[in-house]
A.B. asks: 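Below you'll find the structure I mean.
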Amino acid sequence: MTKLKALNGFKDIVPGEVELWQHVENTARDIFARFSFSEIRMPILEKTELFARSIGEATDIVEKEMYTFVDKQITMRPEATASLLRAYIQHGLHVQKPVQRLFTIGPMFRHERPQKGRLRQFHQMDVEVLGASSPRVDAELMAMGALLLETLGIHVSLEMNSLGCPDCRPGFRKVLLDFIKERHGVLCDDCKRRSTTNPLRVLDCKNPVCREQVEEAPSIQDHLCDGCSEHFTAVQEGLNQLGVPYSLNKFMVRGLDYYSRTTFEFITTDLGAQAAVGAGGRYDGLVEQLGGSRNVPGIGFALGMERLILLLQQQEELSTPNVIDLFVVGLGEAASEFVFSLVHVLRKTGMQAAMDHEGRSLKSQMKQANKAGARFALIIGENELAEGMAVLRNMESQEQEEIGIGSNLEDISTLLVEKI
RNA sequence: GUGGGUGUAGCUCAGUUGGUGGUAGCACCUGGUUGUGGCCCAGGAGGUCGUGGGUUCAAGUCCCAUCACUCACCCCA
């Protein structure tokens, strides 16, 4: 029989590792709550059309990376924003509150070749603000992301750009295309292709030759319309006011079609080829494009959880040893049976209690208690059982005392809660 | 889709010019203590050497194929 394994690009998160995930999630939930975000959870399957309409028909994600049930026209979400907006529109959340602040945490699916920090099922923490157009919200959101990463102890840099809007981007695109045409011959093959598919992408090519060529390229920041320009300036002022360090990157482009104006990335150099641990931006036309009300601006970003975890793991081996309250040792069949009942009563009172079910020796059970991180061990053998007492050992101080135990388990439980 | 690297115990890895699979480390079990954990010591268990073919008296080692994993390109969190 062939061994069954998880699919390529799909990973189990096992005990010892899952604690780190919980830590990241708990920290995020705490910070999101401080910024008045509410959680929303959406299904993983959506109509294929939703992603085609939001992310863009011509993007790599939609063209070749989606897990789609072709016969049913449904797709496992490759990102969260589209689903979240669908839910927002479907439930008329804009009516309940003019500004909705929402976050969601969960798995996303893209059929790419896996590599470091990139999986086929990966997890994102996704944050969106709907109905707010103020540049202060852009700054506030970036400040929240920066605070979360800082709280987690992850060192990144924040880079920002503006992609303009449907009014000014086409103009810049033309200027850029002219610039590219002049150097078309020396650009790499990928960029030759990009110059027709998505010229803005040429700006962030990693090829050294292209980089050099593009150094002198026109900056979109010089071609913004008045509205976009004012917004861009105000976002920077907001970041300055909040003391959030950032740098402007005129080469930064985003891969999804829906972005407008502000875009940003939290960047690291410690993840191999994967630079972005988080990225996002404004998408003012998207709600309307998906059939929602007009003039509902939006902005949001996503953090890649696997990437955060990788960074935390390589920054320091932080081990969170498990700790329990009490390990109850039972020696002999009669004592074990008694302990079986006692442990359950202890657990009902809220105590983290454990025992051995294999009838092992005292020494072995003490080892288990130690490994489980028990603060106390309660030893009950045949003698103790007969005499109505037990030995309570403080595992750290090694002090032990005899306590009287009757047949009433609740009384024993109460006594132990006092002692421990 | 394209290119590179790696497959030996649950994990991390040795394995020489081809000559019997490692007293290796971590983890696990038992004992050293008639009923007391961590440290130490002794012992034990654990393997189709990824899989299939080929060369050879002999293959973990050389050759071919295949699968898996991994890193990178593309793209993205």
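Because the structure is a prediction, the values reported are computed rather than measured. Residue numbers start from 1 in every chain, and the chains themselves are labelled A, B, ... in the order their sequence lines are given, proteins ahead of strands.
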A.B. asks: Take atom C1' in B:U16 and the same atom in B:C75, then report the distance between them in whole Å.
C.D. replies: 45 Å
A.B. asks: Taking only side-chain nitrogens and oxygens of A:R113, does any of them come within less than 4.0 Å of OP1 or OP2 of B:U70?
C.D. replies: no
A.B. asks: So what does A:L119 touch, heavy atoms closer than 4.0 Å: a base, only the sugar-phosphate, or nothing?
C.D. replies: base
A.B. asks: When you check the phosphate oxygens OP1 and OP2 of B:U36, does a side-chain N or O of A:Q400 lie under 4.0 Å from one of them?
C.D. replies: no
A.B. asks: Given side chains that start at C-beta, do those of A:K419 and A:E401 come closer than 4.5 Å, heavy atoms only?
C.D. replies: yes
A.B. asks: Determine whether any donor atom in the side chain of A:Q398 lies under 3.5 Å from an acceptor atom in the base of B:G38, or the reverse, and answer yes or no.
C.D. replies: yes
A.B. asks: Which one, B:U70, B:C75, B:U36, comes nearest to the side chain of A:R393?
C.D. replies: B:U36
A.B. asks: Determine the contact category for A:D126: base if any of its heavy atoms lies under 4.0 Å from a base atom, sugar-phosphate if only primed atoms, P, OP1 or OP2 are that close, otherwise nothing.
C.D. replies: nothing
A.B. asks: A:Q115 side chain N/O closer than 4.0 Å to the phosphate oxygens (OP1, OP2) of B:U70?
C.D. replies: no
A.B. asks: Would you kindly compare A:A302 and A:L331 by the position of their nearest RNA chain B nucleotide and give the one closer to the 5′ end?
C.D. replies: A:L331
A.B. asks: When the P atoms of B:C63 and B:U2 are compared, how many Å lie between them, rounded to an integer?
C.D. replies: 24 Å
A.B. asks: NA contact type, A:G272, heavy-atom cut-off 4.0 Å: base, sugar-phosphate, or nothing?
C.D. replies: sugar-phosphate
A.B. asks: Taking the same atom, C1', in B:U20 and in B:U61, what whole-Å distance lies between them?
C.D. replies: 15 Å
A.B. asks: With rounding to the closest Å, how many angstrom separate the P atoms on B:A14 and B:C39?
C.D. replies: 27 Å
A.B. asks: If the cut-off is 4.0 Å, is A:K116 near the phosphate of B:C73, judged by side-chain N/O to OP1 or OP2?
C.D. replies: no
A.B. asks: Taking any heavy-atom pair under 4.0 Å as a contact, classify A:R110: base, sugar-phosphate, or nothing.
C.D. replies: base
A.B. asks: Keeping A:E306 on the side-chain end and A:H123 on the backbone end, is there a donor-acceptor pair under 3.5 Å?
C.D. replies: yes
A.B. asks: Are any of A:N8's side-chain N or O atoms less than 4.0 Å away from OP1 or OP2 of B:C69?
C.D. replies: yes
A.B. asks: So A:E358, base contact, sugar-phosphate only, or nothing? Heavy-atom distance under 4.0 Å.
C.D. replies: nothing
A.B. asks: Atom CZ of A:F51 to atom P of B:A77: distance rounded to whole Å?
C.D. replies: 14 Å
A.B. asks: Do the two ring centres, one from A:F103 and one from A:F37, sit under 6.0 Å apart?
C.D. replies: no
A.B. asks: Provide the Watson-Crick or G-U wobble partner of B:A68, both distances under 3.5 Å; none if there is no partner.
C.D. replies: B:U6
A.B. asks: To the nearest Å, give me how far apart CE (A:M366) and P (B:G37) are.
C.D. replies: 7 Å
A.B. asks: Counting the atoms with a prime plus P, OP1 and OP2 as sugar-phosphate, which does A:R120 contact under 4.0 Å by heavy atoms, base, sugar-phosphate, or nothing?
C.D. replies: nothing
A.B. asks: Is there a donor and acceptor pair, one atom on the side chain of A:K363 and one on the base of B:G32, closer than 3.5 Å?
C.D. replies: yes
A.B. asks: B:G1 and B:C57: how far apart are their C1' atoms, nearest whole angstrom?
C.D. replies: 47 Å
A.B. asks: Run the salt-bridge test on A:E49 and A:R53 with the 4.0 Å N-O cut-off and return the result as yes or no.
C.D. replies: yes
A.B. asks: Between B:C28 and A:K371, is there an OP1 or OP2 to side-chain N/O distance shorter than 4.0 Å?
C.D. replies: yes
A.B. asks: Is A:A369 touching bases, backbone alone, or none of the nucleic acid, heavy atoms closer than 4.0 Å?
C.D. replies: nothing
A.B. asks: Checking base pairs now: Watson-Crick or wobble, both atom distances under 3.5 Å. What partners B:G43?
C.D. replies: B:C29
A.B. asks: For A:L362 and for A:E112, locate the closest nucleotide of RNA chain B by heavy-atom distance; then report the residue assigned to the nucleotide nearer the 5' terminus.
C.D. replies: A:L362
A.B. asks: So does A:R34 pair up with A:D30, basic N to acidic O under 4.0 Å?
C.D. replies: yes
A.B. asks: For B:A9 and B:A45, measure between their C1' atoms and round to the nearest Å.
C.D. replies: 11 Å
A.B. asks: Output yes when at least one side-chain N/O atom of A:N370 is less than 4.0 Å from OP1 or OP2 of B:U36, else no.
C.D. replies: no
A.B. asks: Which nucleotide, in any strand shown, forms a Watson-Crick or G-U wobble pair with B:U61, with both distances under 3.5 Å?
C.D. replies: none
A.B. asks: Among B:A77, B:G37, B:C29, find the nucleotide with the atom closest to the side chain of A:A276.
C.D. replies: B:A77
A.B. asks: In terms of side-chain geometry, is the basic nitrogen of A:E79 or A:R77 positioned less than 4.0 Å from the acidic oxygen of its partner?
C.D. replies: no
A.B. asks: Within less than 4.0 Å of OP1 or OP2 of B:U30, is there a side-chain N or O belonging to A:S364?
C.D. replies: yes
A.B. asks: Could you check whether A:I379 gets within reach of a base, just the sugar-phosphate, or nothing at all, counting any heavy atom under 4.0 Å?
C.D. replies: base
A.B. asks: Would you please classify the geometry between the A:H94 ring and the A:Y88 ring as parallel, tilted or perpendicular, with 30° and 60° separating the classes?
C.D. replies: tilted
A.B. asks: When you measure only distances, ignoring hydrogens and angles, does the side chain of A:E384 come within 3.5 Å of the base of B:G35 through a donor and an acceptor?
C.D. replies: yes
A.B. asks: So which of A:T263, A:L203, A:N161 actually passes side-chain contact (heavy atoms from CB on, under 4.5 Å) with A:V253?
C.D. replies: A:L203
